[in-house]
Peer 1: 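This structure is in structure tokens; I'll ask about it shortly.
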Amino acid sequence: PTSAPTSEPTSAPTPGQTEDIGNDNVKITIQADNYPGESKWQILDMDGVELAAGGPFDATSDVGATIVQSLQLPSGGCYQFIFLDSWGDGICCGYGEGAFSLEMDQQLAFSFSGPANFRQVRRYFGNAPGCPSAEGCGNGELDGGEECDEGVNNSDQPGATCTTTCRIPDTVPTSAPTSGPTSAPIVEGDKNIKISITTDNYGAETTWFIRDSSGAKVLTGGPYSNIVGGASYEQEFAGADTECYTFVIEDSYGDGNCCSYGRGGYTIDAFGTTVADNLEFRDDRARKQFGNCG
């Protein structure tokens, strides 16, 4: 982060509570850093449906605490575990030494300690046939098509390791776009606003919209195709030069459009002026106002 969190903990932490596991077969152990209020987790199935969640944790009593939470899941399933840090600096090691681990059926599925700045870390676990390698993602070793957030892929560098996070791409990027975007102007008249989007390798994660000053959406775009090397798209519409518009571009994975998986960007031309020229973003969203915004 560009600056330290607003305040340091004022007192020594009280150890967190441990839940009675009972018949639960999944145990999540979290060693909180100094800012547990920034941390939360969720478990999804492979369709993205949330099955369980925990946190944010208590900003005072859980500082530095060991927090154990448990639940029951079918052993034959395949699941995603996502750990999120709202500040974006991870859980180790600038402000305490945090960590987390998950056990299923009394077997360690993965553990994570850092150091790494992150907004979210994704891990896979479960015993279903074809489930992404829990060992590879858990240990940071690339296996079976996993990718580092640095953009290293083991198909290019066998045996490479991830020092931050690794993931299984949701779909295999194709080599060329199947079709161009469908463009439909929202209002009649001369088209004086043009949005140009260049995707990274994972265009299916990219969506955007434009709102006017009333909050109404006047144009939307995406998601696009997953294409190695990215692809370019343009949409135009007729806007009013007396209006203030807000452009918002979002990445569903949360890693932006640059630079681990290709170099994407967005350009906004409005009323004869380029107000954004191939700009990048590196988290879940970016925003740009243009027009008569005072």
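Everything quoted here is computed from the prediction, not taken from an experiment.
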Peer 1: Hey, does the side chain of T267 reach the backbone of S196 with a donor-acceptor pair shorter than 3.5 angstrom?
Peer 2: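 Between the backbone of S196 and the side chain of T267 there is no qualifying donor-acceptor contact (under 3.5 Å).
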Peer 1: Check whether any side-chain N or O of N226 sits under 3.5 Å from a backbone N or O of G203 as a donor-acceptor pair, and report yes or no.
Peer 2: yes
Peer 1: Is there a side-chain contact (heavy atoms from CB on, under 4.5 Å) between T246 and R287? Walk through the geometry before answering.
Peer 2: CA-CA 7 Å; T246 301; R287 182 173 63 177; 3.4 Å; yes
Peer 1: Quick check for you: to the nearest 0.5 Å, what is the distance between E103 atom CD and S111 atom OG?
Peer 2: 10.0 Å
Peer 1: Among side-chain atoms of E205 and S252, is any donor-acceptor pair under 3.5 angstrom?
Peer 2: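 Per modelled atom types, E205 and S252 side chains form no pair under 3.5 Å.
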Peer 1: Would you mind listing the cluster partners of L44? Hydrophobic ones only (ILVMFWY), side-chain contacts under 4.5 Å, chaining allowed.
Peer 2: I82, L84
Peer 1: Please check: side-chain N/O of N201 versus main-chain N/O of G229, any donor-acceptor pairing under 3.5 Å?
Peer 2: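 Looks like yes, one N/O pair under 3.5 Å.
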Peer 1: Start with the C-alpha distance between Y253 and D284, add both sets of side-chain angles, then the distance that settles side-chain contact (heavy atoms from CB on, under 4.5 Å), and finish with yes or no.
Peer 2: CA-CA 7 Å; Y253 189 77; D284 59 345; over 6 Å; no
Peer 1: Decide if atom CD of Q42 counts as having more than 12 heavy atoms of other residues, nucleotides or ligands within a radius under 6.0 Å.
Peer 2: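 Yes, the 6.0 Å shell around CD holds more than 12 heavy atoms from other groups.
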Peer 1: Which heavy-atom pair separates R263 from C258 by the least distance, and what is that distance?
Peer 2: NH1-SG, 3.5 Å
Peer 1: Return the minimal non-hydrogen interatomic distance between F125 and A109, and the atom names on each side.
Peer 2: CB-CB, 3.9 Å
Peer 1: Are a donor atom and an acceptor atom from the side chains of T274 and D269 found within less than 3.5 Å of each other?
Peer 2: yes
Peer 1: Any idea how Y224 and Y233 line up, ring-wise: parallel (<30°), tilted (30 to 60°), or perpendicular (>60°)?
Peer 2: parallel
Peer 1: To the closest 0.5 Å, what do you measure between CD (Q80) and CG (L51)?
Peer 2: 9.5 Å
Peer 1: Mark yes or no for whether D62, through its side chain, and I67, through its backbone, hold a donor-acceptor pair below 3.5 Å.
Peer 2: no
Peer 1: Taking all heavy atoms of A204 and all of P223, pick out the closest pair and write down the distance.
Peer 2: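 Heavy atoms only, the tightest pair is O-CB, 3.4 Å.
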Peer 1: Aromatic rings F81 and F100: how do their planes relate, parallel, tilted or perpendicular, breaks at 30° and 60°?
Peer 2: tilted
Peer 1: Side-chain contact, heavy-atom cut-off 4.5 Å: D255 with Y261?
Peer 2: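 Yes, their side chains come closer than 4.5 Å.
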Peer 1: Give, for atom OG1 of T29 and atom CG of L102, the distance between the pair rounded to the nearest 0.5 Å.
Peer 2: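 One finds 8.5 Å between OG1 of T29 and CG of L102.
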Peer 1: Quick one: are E38 and F57 in side-chain contact, heavy atoms under 4.5 Å?
Peer 2: no
Peer 1: Are L73 and L108 linked, directly or through other ILVMFWY residues, by side chains that come within less than 4.5 angstrom of each other?
Peer 2: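 Hydrophobic grouping puts L73 apart from L108.
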Peer 1: Linking I/L/V/M/F/W/Y whenever their side-chain heavy atoms sit closer than 4.5 Å, directly or via other members, would V248 and I193 fall into one cluster?
Peer 2: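 Different hydrophobic clusters.
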Peer 1: For a quick check under 3.5 Å, do E250 and T206 share a side-chain donor-acceptor pair by atom type?
Peer 2: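 There is no such pair between these side chains.
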Peer 1: Does either side chain, that of S75 or that of D105, offer a donor lying less than 3.5 Å from an acceptor on the other one?
Peer 2: yes
Peer 1: So which atom in A240 and which in Y245 form the shortest heavy-atom distance, rounded to 0.1 Å?
Peer 2: N-OH, 2.9 Å
Peer 1: At what distance, to the nearest 0.5 angstrom, does NZ of K27 lie from CD of Q107?
Peer 2: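 Those atoms lie 12.0 Å apart.
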Peer 1: Do the side chains of D277 and L279 get nearer than 4.5 Å, heavy atoms only?
Peer 2: no
Peer 1: From Y35 OH over to D85 CG, what is the distance, rounded to the nearest 0.5 angstrom?
Peer 2: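 It is 11.5 Å, given to the nearest 0.5 Å.
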Peer 1: List the atom of F110, the atom of Y124, and the distance in Å for their closest heavy-atom pair.
Peer 2: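 The pair with the smallest heavy-atom distance is CD2-O, 4.2 Å.
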Peer 1: Are the side chains of I197 and S232 in touch, meaning some heavy atoms are under 4.5 Å apart?
Peer 2: no
Peer 1: Evaluate the side-chain proximity of W208 to T220: yes if any heavy-atom separation is below 4.5 Å, no if none is.
Peer 2: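 Of all side-chain heavy-atom pairs linking W208 with T220, none is under 4.5 Å.
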Peer 1: Between S225 and Y202, is there a side-chain heavy-atom distance shorter than 4.5 Å?
Peer 2: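 SC-SC contact between Y202 and S225 ruled out.
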Peer 1: Any side-chain heavy atom of I28 sitting closer than 4.5 Å to one from V68?
Peer 2: no
Peer 1: Does the side chain of I195 reach to within under 4.5 Å of the side chain of I268, using non-hydrogen atoms?
Peer 2: yes
Peer 1: Working note: I91 + F83, criterion side-chain contact (heavy atoms from CB on, under 4.5 Å); need CA distance, chi angles, decisive distance, verdict.
Peer 2: CA-CA 10 Å; I91 54 175; F83 193 95; 3.7 Å; yes
Peer 1: For the backbone of F281 and the side chain of N257, can you confirm whether one donor and one acceptor N or O come within less than 3.5 Å of each other?
Peer 2: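 Side chain of N257 to backbone of F281: a pair is present.
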Peer 1: Under 4.0 Å between a side-chain nitrogen and a carboxylate oxygen: does that hold for K194 and E236?
Peer 2: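 So K194 does not pair with E236 through a salt bridge.
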Peer 1: Taking it one step at a time, do F290 and T273 satisfy side-chain contact (heavy atoms from CB on, under 4.5 Å)?
Peer 2: CA-CA 10 Å; F290 63 94; T273 301; over 6 Å; no
Peer 1: Relative to F247, does K288 satisfy both conditions: NZ or CZ under 6.0 angstrom from the six-membered ring centre, and within 45 degrees of the ring's axis?
Peer 2: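 So K288 doesn't make the cation-pi contact.
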Peer 1: Looking at C244, is its backbone amide N or carbonyl O close enough to the side chain of N292 to form a donor-acceptor pair, meaning the two atoms are under 3.5 Å apart?
Peer 2: no
Peer 1: Tell me the closest heavy-atom pair linking A231 and I227, and the distance in Å.
Peer 2: CB-CD1, 3.7 Å
Peer 1: How many angstroms lie between CD1 in I249 and OH in Y266, if you round to the nearest 0.5 Å?
Peer 2: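 Taking CD1 in I249 and OH in Y266, the distance rounds to 7.0 Å.
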